[in-house]
Structure formats: C-alpha cells, structure tokens
Amino acid sequence: MIRLAFIQFMRAGRYAGAGTRIGLIFLLTVGIISLFVGKQFSQRQQQAVADVIEFQQTDFPRQAAIHRDDMGLLLYYLKFSVVNQTRPLTALAIGQRDVNPSVQSVTIRALEGQQYDADLTNPANLLLGNVDFSFVLVYLFPLLIVAFTYSIISEEKENGTWSIVAVQSRNLLGFVGQLFLIRLAVLLAVLLVIIGLAVPTLGTPLDGSLGLFLATSVGYVLFWFSVCFWVASLQRRSSTNAILLLGIWLGLLIVLPAGVNNYITARYPVPEAQATTQAQRKGVHEKWDTDKTATIKKFYAHYPQFRQVPVVAMPFDWRWYYAMQQLGDDESAEQAHELKQKLQQRETASRSIAQFIPTLHTQLQLGELARSGLGNQLRFMDYTGRFHEKMRLYFYPRIFTNAPVSAEPWTNFKVDTFADTAPSSPVAVLGPLLLFIALFTGLGWNRFRRTIYHL
Amino acid sequence: MLLRTQRLIARQVWTTAFKNRAVFGLLIGIGLLLTYAAATGWVNVRQQNEIGRIYQQQARQDWLGNPDKHPHRMAHYGHFAFRPKAPLSVFDFGMESFLGNTIFLEAHKQNSVNFSEAGFSTGLLRFGEISMAMVLQLLLPLLLFFLGFGTVATDRETGTLKLILSQGVDWGQLLVGKSLGLMAVMLTLYGPVMVVTGLLWFGLQEGTVSADQRMRLGLLMGAYFLYLSFFCVIAVLVSARSKTAKTALVSLIGLWLMLTLVLPRTSQALGSYLYPAPSKAKFLADIQADVLKEGDSHNPNDPHYKRLKDSLLTAYGVDSVQKLPVNYSGLVMAEGEKISAQLYNVHFGRLLAIYDQQNRFSKAMAFMNPYLAIRNLSMALSGTDFAGYVDFQQQAERYRYEMAQKMNDLQIHFISNKKPGAAEKPHQIDKKHWEEVPDFSYQSPGIGRVFAHETISLLAFAFWMGLLGMVGWRLTKTLTAI
C-alpha cells in the first residue's frame with residue numbers, strides 16, 4: 001500500500017502541471033547552487049583575510065623603516081587587524097556577514113572613530129539577498145511542502161475517489177498520515193542530501209553545531225508539514241487549501257517578519273551612533289586648544305601606571321597626543337555604551353518576538369549557530385575593543401619612552417582571530433519549533449478524528 | 001456607447017469580485033498593511049531626517065566654534081555629512097536601509113559612509129520591509145492573480161463561456177472587458193495609495209514642491225498603474241489559456257513566485273558570482289600602493305617631493321625651504337592630497353564599474369520580469385537607489401577635498417616655515433577663516449539622471465506593453481470556448 005502510494009506520488013502531475021519530480025529536481029538544484037554560493041562566500045572571506053595578512057606583512061616593515069626614529073608617529077599609522085572567524089557552517093547561513101565587515105583594522109588611536117567603519121558592499125546584492133542554504137530552507141522548502149500536500153485529500157474528493165479509499169481503508173487516519181509521511185520522507189531526504197553534500201564541499205566538521213543546525217532544519221520542515229496537515233484536516237477544496245497555505249506562507253515569510261522589522265526599527269532608533277562619533281571627534285580634537293596638563297592628568301586618572309614612566313625628549317609630545325585620543329574614547333564612552341545597549345535591546349526584542357513566529361525563529365537561530373547574526377557582530381566588536389586595548393597597553397610605554405623602532409619584531413605582529421564560542425542551548429533553539437509542531441499536529445489530528453469520514 | 005460590451009463584462013468582473021466576502025477581508029488586510037507602511041514610513045523618514053538635521057547643524061557649530069588654530073588641525077577636525085532622505089522615500093524605502101548615512105570628512109582620508117540600518121539589524125531586515133511600494137510591487141499582483149484566475153477559466157468550466165461567445169461577443173471584447181474589470185478592482189487600492197503618497201510627499205517637503213519632484217511623483221504613479229495593469233492582463237490571459245480554474249490558479253501562483261522570489265535573487269546572485277569585487281583591505285592596499293608609486297608625502301626622502309622642493313627653491317631663488325615665502329609643508333600636503341584623491345577616485349570608479357556589472361543581470365532581467373523593472377525604476381524615482389547614494393558619496397568627497405585644500409591653502413599663505421621655539425606660541429591663524437568653508441549641503445540630482453540610469457527599466461515597460469498586447473491579440477485568434 002505504502003509502496004503504491006509512493007509510486008503514485010512520484011508520478012503524479014501536481015505542481016503547475018509539472019510533476020513532483022520537477023519540483024524535487026528544482027529544489028535539489030537550488031540547494032546545490034546554494035552550496036556554491038556558500039563556497040564562494042567562504043572563499044571571499046578567506047581572500048579578505050589573506051589580503052589583510054599580506055598588507056600587514058608588507059606595510060609594517062615599510063612603515064617601520066620610514067619612521068625608524070619616531071615610535072609615536074609610526075603607531076599613528078600602523079593598522080592592526082582582527083578577523084571574525086568564518087566557520088564552514090557560516091557558508092550555509094550567511095546572515096548578516098555580508099553586511100558587517102568580518103575584518104576590523106584599527107590603529108591604537110581612538111577606537112570609537114574606527115570600529116563602526118562599514119565594509120565595501122554592493123547594496124543591490126544585500127537588498128536582493130543571498131541564495132544561501134538558509135534561504136532554500138526557509139523560503140523554498142515550505143513552498144514545495146505546500147505544493148506536495150495541499151490537495152492530498154481534496155483532490156481525491158474532487159475526482160470522486162475519496163469514498164472508495166474511505167470504504168476500503170481500515171485505518172483511514174493512518175492512511176492519511178502515511179500519505180504525509182511519504183512526502184515528509186522524500187523532502188527530508190532532499191534536505192539530508194544537501195546538508196550531506198555541504199560536509200565535503202564546505203568542509204563542515206561533524207560536530208554539535210552541525211547537529212543542532214540539522215535538527216533545526218528538520219524541525220522547520222516538520223513545522224510546515226504540521227501546518228499542511230492541519231489545513232488538510234479542515235477538509236476544504238483544493239484551491240481553498242492552496243490559497244490558505246499560500247496566505248500562511250506569505251504571512252509567515254513576508255508580511256509578519258517585515259512588519260516586525262519595521263516595528264523594531266521604529267521602536268529602537270539609534271541616534272546614539274551619530275552621537276558617539278561626534279562626541280569622539282570633539283573629545284579628541286578640542287584637546288588641541290585646552291590645557292595640556294589637564295589632558296595628561298585625565299589620562300593618568302585612567303591609566304595610573306603610566307604616571308611613573310619618565311618623560312623623555314621626542315620629536316613630538318606623543319604622550320599628550322595619545323592622551324587626547326584616549327580621552328576621545330573616554331568622553332564618548334557613555335554614548336557608545338548606549339548604542340551597544342540599544343543594539344542589545346533590538347537583539348533581545350527580535351528574539352522574543354521570533355519565538356512566536358517559527359520562520360523568524362529558524363532564520364535567527366540558524367544565523368546564531370552559523371555565527372552570522374547580530375549577536376556575533378556585537379561579540380566581535382567587544383573583542384575588537386579588547387584587542388585594541390591590548391595593543392594600546394603594549395605600545396603606550398614604548399611610545400612614551402620613544403623606544404627604538406628597530407627593537408620591535410614587526411613581522412611577528414600577526415592578524416588576530418576572533419573565534420566566537422558563545423554557547424547555544426538546544427532547548428531554546430528547538431523548543432519553540434517543537435511546540436508549534438505539537439500544536440498544529442494536535443489540532444489537525446483532533447479535527448481529522450471528527451471529520452475524516454465526511455465524504 | 002463606446003466599448004459597451006467590454007464595460008458590461010468589466011462590471012460583471014467587479015460585482016463577482018466584491019460578492020466574495022473573502023475579497024473584502026483581503027482588501028481590508030492589505031489596506032491595514034498599507035496604513036502601517038505609510039505610518040512607519042512617515043515616522044522613519046521624519047525621524048532620520050531630524051536626526052541628520054540636528055547633527056549636521058551641531059557639526060557645523062562645532063566647526064565654527066573652533067578657536068584660533070593651525071589650519072591643519074582644522075583639516076583633521078573635519079566635518080560630517082549626513083545623507084538626507086528624499087521625500088518619496090516615504091513611499092519606497094528602496095536600498096535606504098542598506099546604505100550608510102553618516103560620513104566623517106577629514107584631510108588625507110576617504111572614510112566610509114557608516115551607520116546603515118542593516119548594520120544595526122538583527123537579520124530581520126533580510127526578510128524585507130513593509131513600504132507602500134512593497135505592497136504595490138509584491139502583494140497587489142498576487143491579489144490580482146487571486147481575483148483574476150477564474151475570470152475566463154470559471155466561465156469555461158461552467159459553460160457560460162460558450163453562451164457568451166455564441167451571443168456575438170468576440171474574444172477581443174471578452175479579454176479587454178475582463179482586464180478592465182480587474183483593473184477597476186485594482187484601482188480601489190491603487191487610488192488611495194497614491195493619494196496618501198501624494199499627501200505624505202507634500203507634507204515632507206514643507207510647502208516648497210519643485211517641478212522635479214512633481215515629475216517624479218507623476219512618473220511613479222504612471223509606472224505603477226502600468227505595472228499593476230500588466231498583472232491584470234496576465235491574470236486574464238493565463239485564465240483564458242487554462243482548462244480549469246484550478247490550473248489557472250496554480251500556474252499564476254507559480255508565476256508569481258518565480259517573478260518575485262526566485263528570479264530576482266538568482267539573477268543578482270549570478271551577477272555577484274561572476275564578477276567578484278575586491279575586499280576592503282585589497283581595495284585600500286591597492287590605492288596605497290598606487291599613491292606610493294607617485295610619491296610618499298610622509299617620507300622626507302621621497303624623490304617626487306624632492307623634485308617639488310627643488311623646483312620651488314629654484315622658482316623663488318632661495319637655498320632652503322625655511323626661506324620660502326610660502327609654507328612648504330602646506331604645499332607638500334596639497335600635492336599629496338591631490339594625488340591621493342585622484343587615485344582614490346580612479347579606484348572607486350573601478351569598484352563602481354564592478355558593481356554595475358554585478359547588477360547588470362538583474363537589470364536586464366526587467367525584460368523577463370516586470371517586477372524587476374518596477375523595482376529599479378521606483379527606487380530611482382524615489383531617490384532611494386544606488387545611483388543616488390553614489391551621488392551623495394561623490395558630493396561628500398568633493399566637499400572633503402575642497403575643505404582639505406582650503407586648509408592647505410591657508411597654511412601655505414599664513415603659516416611661517418620656521419618652527420616655533422618651545423617657549424613661543426604655536427603657529428595659528430584667526431578663527432574667522434573657518435567661515436570661509438561653506439557648510440555641506442546635499443543637492444539631490446535631477447530627474448534626468450533617472451532616465452540615464454534606468455533606460456533599461458523604461459524600455460522594459462514599453463516592451464511589456466507591446467508583448468502583452470501582442471500575446472492577447474494572438475490568443476483572440478487561437479482560443480476556444482471549451
């Protein structure tokens with residue numbers, strides 16, 4: 001029986017007059033294309049990292065040769081780079097990684113004037129979005145699920161064959177369940193093939209992250225099957241089912257997410273961004289015109305350890321200069337903190353709302369697992385801040401004593417890498433999906449029990 | 001009476017549509033969505049422009065508030081440029097959210113335009129935004145497909161079609177009538193949206209409406225009317241070709257998904273796959289390498305600047321830079337700024353050319369996909385497209401260059417070549433000079449630019465009119481009643 005139902009499913013012409021097989025081949029093809037897109041994305045990231053390493057390797061010795069007598073001036077120019085590590089999994093859910101720079105290059109001057117520097121991007125690419133695996137999963141899988149299931153019972157009714165099936169089957173509800181399970185198995189097989197291919201092509205390690213990523217994907221597919229099951233249980237006509245399911249797809253993938261986005265943008269505007277840069281600029285540059293000793297005093301208040309460093313003769317009073325830079329950061333710290341808080345609020349708000357919208361939830365969680373969401377970006381910025389501080393503390397004593405430039409091993413300063421290790425809890429990731437699956441399957445089951453024999 | 005039969009058929013489409021209670025629900029739903037879009041668009045544009053205006057003024061006051069100082073300090077003090085939103089961005093957000101809006105302008109350095117909404121987004125933005133344009137471009141066509149899938153196919157299924165045709169109505173009258181009826185339903189949403197857009201657009205300009213803006217709004221209205229009419233006609237034609245209403249519905253849904261979801265993304269992905277753009281590190285390193293080839297103004301032994309020095313000494317007939325009547329390091333910086341700005345512009349031009357190549361596919365796709373045609377045209381008319389953004393970047397860069405060179409000029413003429421001693425006052429000039437640099441004010445480009453950039457989209461509109469007309473005409477010859 002199952003075998004026959006399977007053959008019938010694979011042979012039937014359903015979607016836009018084309019067969020099931022065309023739908024499956026389409027999905028598989030786009031899925032494989034998405035792996036190439038991901039592959040190219042990671043190659044470009046690797047290239048960007050290679051570029052910055054090469055630049056640092058050639059630029060440091062060159063600058064050190066030019067400014068060999070002036071440590072302070074040299075450090076004015078040197079840019080130290082940090083890379084936000086791209087994992088193989090990132091290629092499956094590119095998320096915000098194409099918007100936010102994965103490489104931050106900072107001098108030891110005021111950080112607030114540097115860390116928001118935008119990447120070079122073509123906004124048309126950003127606007128239309130990536131064809132990455134998460135797109136295939138989140139947008140296209142549901143469409144195929146809908147196309148394969150919207151007429152499971154209704155078509156039989158419209159063709160007049162349902163009464164025959166009903167009479168001949170001993171367990172009609174079980175039979176309906178089987179029809180759904182066949183389609184579920186086929187689509188899960190496609191999903192597994194795509195992710196399976198990702199392992200060799202992208203070099204994804206078989207670890208817990210991949211496991212959770214896969215579980216989320218399966219959960220998402222199950223969620224859509226449960227929705228279709230529920231709609232089938234309403235026992236409407238095929239075209240009504242199609243409109244209803246497309247309406248749900250539209251609501252969950254276009255209207256609601258976009259509406260939530262509008263809400264969050266309007267609810268949490270970020271004028272703090274502009275405030276931070278302006279405060280930073282004023283904080284630095286107005287020190288040229290204010291009392292020098294007051295500036296140095298404030299600097300010592302922040303870093304008492306440098307009070308002891310004796311003042312030596314140098315081409316320019318770099319202690320004063322870097323004190324000015326430091327005060328640029330100190331005096332914009334409040335605005336910068338507010339900005340971070342605002343972004344954190346945005347992140348928290350969208351996460352809590354997403355719990356009630358499985359499509360949003362899935363997209364955000366895949367991004368989180370792939371380290372391509374706002375959370376990762378904020379952690380990367382924090383790390384850049386710590387890295388910047390580390391470089392400052394390393395070089396301040398050398399600048400203040402005008403240590404010989406040649407004594408420093410300039411080629412040993414490597415590009416630093418940030419590996420995001422923030423943990424993710426399987427319950428928080430899968431919980432909301434499971435609840436929705438249970439809800440719709442339950443509703444569908446309940447309704448079917450009452451209406452299954454309505455011919 | 002003109003087109004009597006067609007009007008009769010159109011009226012029938014209209015009444016059938018409104019007989020369905022679900023249609024009322026859908027219309028109300030879309031109406032609410034449009035209200036939400038209008039409200040958030042209005043709040044957002046006002047908010048952003050207000051933030052920009054306040055900080056632009058603040059930056060200007062900060063600039064003017066500087067005391068007497070060395071002009072080069074001022075060149076580093078710099079200025080900010082904030083990108084204002086165009087009045088029609090209330091209707092179509094376009095790329096706005098992916099474009100930065102704040103740029104710090106200082107000597108020696110072309111900074112990035114920062115703080116795009118996308119950079120602050122949790123990733124939700126990638127699902128899209130609800131703007132009035134989005135509703136008209138994306139959702140209204142689907143609604144029209146829902147309303148139109150049965151226009152002919154249902155008549156065929158029920159056998160009414162045979163009756164109509166046997167009563168002397170020809171296929172041409174039928175298709176035109178059905179399309180007109182659908183267009184009448186379309187106008188019930190299109191009309192109010194355009195009225196609201198007009199009001200918000202007027203409100204955002206605070207009384208002074210330029211002819212340029214009026215042209216933009218007019219063209220926008222025309223383009224959307226055509227775009228939505230295309231979908232009315234497509235719905236009727238597909239319905240006329242389909243044996244059953246269900247086939248028509250499924251075909252139209254499939255078509256809609258192709259046009260709005262699959263084709264736009266894949267064509268853009270193809271473009272960026274084939275034409276990779278350089279990383280930022282590479283872009284900047286290449287510029288630096290080119291600048292160093294010309295000469296390093298920070299290197300006292302650089303040959304290019306050595307030649308400059310020698311020629312100056314000869315011209316003024318002196319034997320050391322200290323004796324020059326003009327400030328030597330000011331001249332060096334002016335030369336350095338000129339070289340680096342020129343090279344930056346060359347590289348930036350190349351980068352833009354790569355982006356253009358990347359976008360070429362999705363632009364050309366307008367001939368296969370009216371959604372892309374309206375999308376590009378609408379963004380351009382609303383001033384929310386990439387071309388408008390590049391224009392802002394270029395104006396900001398020109399301003400930056402002129403500000404830096406003005407400061408160099410002041411240094412050349414008013415600053416002595418002798419270094420002040422430890423006990424002496426540092427070199428500085430009077431603060432009255434700061435006013436000589438005008439404030440940055442962005443001049444939005446005229447509509448002529450839109451025609452230049454969006455020729456393809458405009459041609460695509462003409463193409464689609466011709467195509468649909470032709471297909472319709474062909475069908476009148478081949479369609480059958482059963």
Side-chain angles (χ1 to χ4, degrees), chain A residues 16-17 37 40 44 47-48 51-52 55 66 95-96 99-101 103 116-120 122-131 139 143 238-239 242-243 246 254-255 257-262 264-266 269-271 273-274 277-278 282 285 288-289 343 346-347 350 363-364 367 373-374, chain B residues 33 36 40 43-44 47 51 55 58-59 62 67 69 73 77 95 98-100 102 104 112-120 122-130 146 246-247 249-251 253-254 257 261 264-266 268-269 272-273 276-277 279-283 285 299 355 358-359 362 386:
Chain A
V37 169
Q40 197 196 33
R44 282 186 195 173
Q47 187 57 48
D51 289 343
V52 83
F55 179 76
I66 296 176
Q96 289 292 89
V99 173
N100 294 320
V103 178
Y116 307 106
D117 278 358
D119 206 352
L120 283 182
N122 176 1
N125 293 344
L126 304 180
L127 178 68
L128 289 167
N130 284 303
V131 184
Y139 283 84
L143 286 176
S238 297
S239 48
I243 292 182
L246 188 70
I254 312 259
V255 178
V260 173
N261 177 61
N262 281 30
I264 289 195
T265 314
V270 277
Q274 281 86 354
T277 22
Q278 283 206 352
K282 280 180 82 169
H285 288 275
W288 290 108
D289 314 309
L343 297 184
R346 280 188 166 193
E347 174 79 353
S350 27
Q363 179 74 57
L364 290 182
L374 182 64
Chain B
L33 211 56
Y36 184 64
T40 47
V43 169
N44 196 14
Q47 220 170 37
I51 292 174
Y55 284 105
Q58 179 71 42
D62 289 349
K69 60 163 79 177
R73 299 250 179 286
Y77 188 83
M95 289 182 183
F98 295 93
L99 307 173
T102 305
F104 178 48
S112 53
V113 189
N114 293 339
F115 305 137
S116 70
E117 195 52 59
F120 294 144
T122 54
L124 281 186
L125 178 61
R126 309 315 279 279
F127 283 97
E129 292 172 285
I130 294 190
F146 280 154
K246 189 185 144 196
T247 328
L249 176 66
V250 176
S251 313
I253 290 176
L257 286 169
L261 184 73
R265 274 202 197 225
T266 42
Q268 190 65 34
S272 64
Y273 191 84
S279 71
K280 190 175 178 183
K282 177 94 173 101
F283 177 74
N299 184 352
Y355 289 166
Q358 292 187 341
N359 301 346
S362 55
F386 187 48

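Just so you know, these numbers come straight off a predicted model, no measurement behind them. Proteins get letters first, then strands, A, B, ... in listed order; numbering begins at 1 in each.
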Side chain, backbone, both or neither: which part of [X] has a non-hydrogen atom closer than 4.5 Å to chain A?
| X | answer |
| --- | --- |
| B:I51 | side chain |
| B:K282 | both |
| B:Y36 | side chain |
| B:F386 | side chain |
| B:L33 | side chain |

For chain B, which candidate among [options] shows the most heavy-atom pairs at distances under 4.5 Å?
| options | value |
| --- | --- |
| A:L364, A:V131, A:I264, A:V260 | A:V131 |
| A:G95, A:A48, A:G259 | A:G259 |
| A:L127, A:V37, A:I254 | A:L127 |
| A:A242, A:G373, A:P123 | A:P123 |
| A:L246, A:L374, A:N122, A:L120 | A:N122 |
| A:A273, A:P257, A:P269 | A:A273 |

Please classify the contact between [X] and chain B as side chain, backbone, both or neither, with a heavy-atom cut-off of under 4.5 Å.
| X | value |
| --- | --- |
| A:L343 | side chain |
| A:V103 | neither |
| A:I66 | side chain |
| A:R44 | side chain |
| A:T277 | both |
| A:F55 | side chain |

query: What is the distance from atom CG of B:L249 to atom OG of A:S239, rounded to the nearest 0.5 Å?
result: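 Between atom CG of B:L249 and atom OG of A:S239 there are 6.5 Å.
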
- request: Drop me the distance from A:Q278's CD to B:Y55's OH, to the nearest 0.5 angstrom.
  value: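 It is 7.0 Å, given to the nearest 0.5 Å.
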
- prompt: Would a 4.5 Å heavy-atom cut-off, applied to side chains only, mark A:T265 and A:R346 as touching?
  reply: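 A side-chain contact exists here, since the closest heavy-atom pair is under 4.5 Å.
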
Where is the tightest heavy-atom contact between [X] and [Y], given as atom of each residue plus distance?
| X | Y | answer |
| --- | --- | --- |
| B:N359 | A:A124 | OD1-CB, 3.4 Å |
| B:I130 | A:V255 | CD1-O, 3.5 Å |
| B:S272 | A:N125 | CB-ND2, 3.5 Å |

Pairs of heavy atoms under 4.5 Å with chain A: top-ranked of [options]:
| options | answer |
| --- | --- |
| B:Q58, B:E117, B:R73, B:Q47 | B:R73 |
| B:R265, B:K280, B:Q268 | B:R265 |
| B:E129, B:R126, B:Q358 | B:R126 |
| B:S362, B:A269, B:G100, B:P276 | B:P276 |

message: Under a 3.5 Å threshold, yes or no: a donor from one side chain and an acceptor from the other, between B:N114 and A:D117?
response: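 Yes, because at least one side-chain N or O of B:N114 sits under 3.5 Å from a partner of the opposite role on A:D117.
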
Please check if the side chain of [X] supplies one atom and the backbone of [Y] the other of a donor-acceptor pair under 3.5 Å.
| X | Y | value |
| --- | --- | --- |
| A:N262 | B:T40 | no |
| A:Q40 | B:Y273 | yes |
| B:S112 | A:A118 | yes |

- prompt: Should the pair B:F120 and B:F115 be assigned to parallel (<30°), tilted (30 to 60°) or perpendicular (>60°) ring geometry?
  reply: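 Correct class here is parallel.
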
- prompt: Could you walk me through whether A:N261 and B:F127 pass the side chain to side chain contact (heavy atoms under 4.5 Å, CB included) check?
  reply: CA-CA 8 Å; A:N261 177 61; B:F127 283 97; over 6 Å; no

